[in-house]
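To keep things clear, I will list the structure first and then write my remarks on it.
Each chain gets a letter, A, B and so on, in the order its sequence line appears, and its residues count up from 1. Everything numeric in this text was worked out from a predicted model, so none of it was measured. The figures that follow rest on heavy atoms only: side chains count, while hydrogens, waters and symmetry mates do not.
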Amino acid sequence: MSLTSRVNEDVVYIYVEGNFDIGCYDQFNKALNENLNTSSKFVIDLSKASYMDSSALGMMLLLREKLGGQSSKVEFTNVNDEVMRILCDAKFDQLFTINS
Amino acid sequence: MPSILIVDPSYSNRLYLKLTLKKAGYDVFEAKDGEDALNQFNQFHPSLVITEIDLPLLSGQSLVTEIKSLSEETFYPIFVVTNATNPELIQEILEAGADDFLQKPYPEKLFLAKISSLLRNLDFYNDLIKSKELVSSLHSSLELEHKSAERIFEKFVHGPRKEVPGLKTHISSASIFNGDVFLSSISPAGNVVVLLGDFTGHGLPASIGAIPVAEVFYSMVRKGRTLKEIASVVNEKLLLILPVHVFFSCTVIQVSPRHKSAKVLNAGMQPLIMIDDKTREVTEYRSTCLPLGITPSESLGLVLSEVALEGHEQFILYTDGVVEAMNCDGELFGVSRLVDALLNTEGLDIQRLVTDSQNFCGSEPFMDDVSIIKLSVDDIFKAQFNEILEAVNERIPAPADWSLFYCLGIHVLKQNENPIESIIDAMMGVQSLVNFKEDFHIILSELFSNALEHGLLKLDSTIKQKENGFIDYLNEKKSSLRGLEDGEITIEIKHAPLSAMKGRVHFIVSHNGDGKVDFDLGQSVSDKVFSGRGIKIIKSLSDEFYFKQGGAQVEAIYEWECSLHAS
């Protein structure tokens, strides 16, 4: 797994490759803390993510909380079927904007 | 300052070394032969020993061997500074355990640099030993804590409870402390309630939340609370105590042998599976609401699925360990393989399922973090005459004449969204009919919400049939209630004894709004129409049902009998 981030104006793009799990936590936390105060939106690009486990879902809740509970500031994009199923089973579509 | 022992038979060599080292700030001891060196070493425990190879009484090599054998637990660096040029001699003393060597003559700077490098190694070594000791003491205290926690956990979460019929379980020991929670009990009305859930993450933080969940579950089931209430309270409690990134996914089933029905809640888990043992038909109940502990209960979207039971159904609940088992190609075992594995066995064998999942992994590691529960409706239905009856064997006191009257004015209606629970509690306070409490709750809740939503607020229940209509309807209800200026709902509950074991309860709910609670008794009620469903449920539960004053007053009559379960 790996997690990289890129900032474009005030939008943070986070790219996840492979399994999105607890192994991404440090990189995720770094991207989050570096950009939290200067960014208006986080876009999580999952085009290369093969899988997402519950600790990754937990990270998303952390992100949501740090952005003041405003889910509109977090967007998932390029979500494949497998990951979409995981997000929908957890009903995270109620909390976040998810684009396939 | 570190102390250094110099061992050299030559006085001038010792003097030179002593002066050089003292100038560099070290404390110095000296010895002229091997035995003297050993004595001084034992007495002063210097940080470093500098020795010549050729020594009187005890050779340099023996000295090294002796010192190293004394110091298994600690590290005493030995530095050989020698006139010897024979490489074999040097090789031997190094093999005996000496840490470094220098041949005379040497530049003083090099000598001092080697000394400080050896002392630096000593520091590293000591730090390492300290951390090792710390880790090992932490480890043993953690182990002890784990053992005690496990005992408390065992007693509390998996402790004594009513024996529930129809359950087959596979719960790996690794899963208990990994955040899997399995709870089961029987409600006073004889309903079997089973919960299987999973906290995010692993280890102690994940498992600690199980304790409040178990506490709420057992106490609320015992009091005959509804699934929805139990889920809401668990949710609120977890929301309060869990860290943001930890949440609790769970599936809950309540099987009611009396009504031949079940209620299913899936909050963020993989699909719960129901297999008809006779037709082998498979139904999946997918997650309908967020996992618990994330948002307040009112925005969870708690929706239960109602299932009419034939009696051959088997429910399969599982945590994600099985379906997330991965093979060498990175493929997941998945839900469809799980269903196939079960259907391949005669009696939907869950042990075989675990084996299949393990085999699927092949040489890849199988995380033994697996809980699978099978709940057989057939066994519950068959068991009801003995086990369930025993479990709900509450003594019902002789029935008496009594009545309760509540008048809920506009302010109370606005402040208190769900007054029914406390009214039912008040009923139980007058006469404990706890075995029928769940039925009372359903009847009174339905009557009350009909009077409020259609009588006073005049809501259009066809909204509910649209997509996302349920949420729209709730929002509509909230805003109309805020805008409501006048209105009143009265609730009257009358009880009359019929015999020592039998009684009759009248629930009369009236409102003074303009809305028509247009229940036409002849109206056909389709299962898919949410609006009519409430009335259908009341009619099925109660013995008599009347509309009066054009629907402004509704009365449901419920007859209870103590031997109801056995009939």
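- A salt bridge links B:Glu284 to B:Arg286: at least one charged side-chain nitrogen sits closer than 4.0 Å to a carboxylate oxygen.
- For A:Gln94 against B:Leu300, the heavy-atom pair with the smallest separation is OE1-O, 3.5 Å.
- Of the two parts of A:Leu57, the backbone and the side chain both hold a non-hydrogen atom closer than 4.5 Å to a non-hydrogen atom of chain B.
- Counting heavy-atom pairs closer than 4.5 Å to chain B, the top-ranked of the candidates A:Ser55, A:Cys88, A:Gly58 is A:Gly58.
- We find that A:Arg85 and A:Asp81 are not joined by a salt bridge, their nearest charged nitrogen and carboxylate oxygen being 4.0 Å or further apart.
- Using a 4.5 Å cut-off on side-chain heavy atoms (C-beta onward), B:Val194 and B:Phe182 make contact.
- The backbone N or O of A:Asn29 sits less than 3.5 Å from a side-chain atom of A:Asn33, completing a donor-acceptor pair.
- Using modelled atom types, one finds a donor on one side chain and an acceptor on the other under 3.5 Å when comparing B:Ser297 with B:Glu236.
- Counting heavy-atom pairs under 4.5 Å between each of A:Asp89, A:Leu61, A:Asp93 and chain B puts A:Asp89 at the top.
- Of the two parts of B:Thr288, only the backbone, made up of N, CA, C and O, holds a non-hydrogen atom closer than 4.5 Å to a non-hydrogen atom of chain A.
- Heavy-atom pairs under 4.5 Å with chain A peak, among B:Gly301, B:Cys289, B:Pro271, B:Ala267, at B:Cys289.
- In this model, no donor atom of one side chain and acceptor atom of the other lie less than 3.5 Å apart for A:Asp10 and A:Ser39.
- Residues of residues 43-54 of chain A that come within less than 4.5 angstrom of chain B, heavy atom to heavy atom, are A:Tyr51, A:Ser54 in numerical order.
- Of the possible polar contacts, none joining the A:Tyr15 side chain to the A:Arg6 backbone as a donor-acceptor pair under 3.5 Å is found.
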